[in-house]
Student: 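My questions all concern the structure below.
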Amino acid sequence: MHELSIAVNIVEMIEENAERERADKVDKFEIDVGTLSGVVIDALEFALEEAVKDSICSKAVWKINKIQAKAQCMECHHLFIMDNYFTSCPKCDGFGKEILQGKEIQLKSITVE
Ligand SMILES: [Zn+2]
């Protein structure tokens, strides 16, 4: 399962961070997940519950922020929301676009004790 390896990765990242700060416990963490990242948020929630067991964040609460994908049209520079990779510009119908956000899966913040 794709989400489980992502969850394990996130927990590893948190552990590295906590170690650097010499923390014994992680209280909170936040993750940004883009709508184009291919991650199913419900599945990630479920996977995290498994991944945090016996880790430094076993007692942590977490928040997953869903980042709506946005792009800028390369033709008319219009900014628009993307529902998927094939969304064309709503203004000029152009397909050329630069994706500004929405592909990321990243650890946004952690709170340690
Ligand atoms: Zn356009």
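Both ligands and their constituent atoms are indexed starting at 1 by order of listing. What you see is a predicted model, and the numbers here were worked out from it, not measured in a lab.
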Student: What side-chain donor-acceptor pairs closer than 3.5 Å can you find for residues 59-67, not counting sequence neighbours?
Tutor:
residue, atom, partner, partner atom, Å
Trp62, NE1, Glu45, OE1, 3.0
Asn65, ND2, Glu30, OE2, 2.9
Asn65, ND2, Asp32, OD1, 3.0

Student: Can you tell me if Lys28 uses its side chain to pair, donor with acceptor, with the backbone of Ser109 under 3.5 Å?
Tutor: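 Checked: no pair found.
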Student: Please give me the minimum heavy-atom distance between Lys91 and Cys76, naming the atom from each residue.
Tutor: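 Looking at all heavy atoms of both residues, the closest pair is CB-SG, 4.1 Å.
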Student: Any sub-3.5 Å donor-acceptor pair from Glu104's side-chain atoms to Gly102's backbone N or O?
Tutor: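 Yes; at least one donor-acceptor contact below 3.5 Å.
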Student: Salt bridge check: are Lys53 and Glu50 linked by an N-O gap of less than 4.0 Å?
Tutor: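 Yes.
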Student: Determine how many protein N/O/S atoms sit closer than 2.8 Å to the Zn ion (ligand 1), leaving waters out since they are not shown.
Tutor: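 Number of qualifying protein atoms: 4.
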Student: State plainly whether one hydrophobic cluster holds both Ile56 and Ile10, where clusters connect Ile, Leu, Val, Met, Phe, Trp and Tyr through side-chain heavy atoms under 4.5 angstrom apart.
Tutor: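 The answer is yes; both residues are in one hydrophobic cluster.
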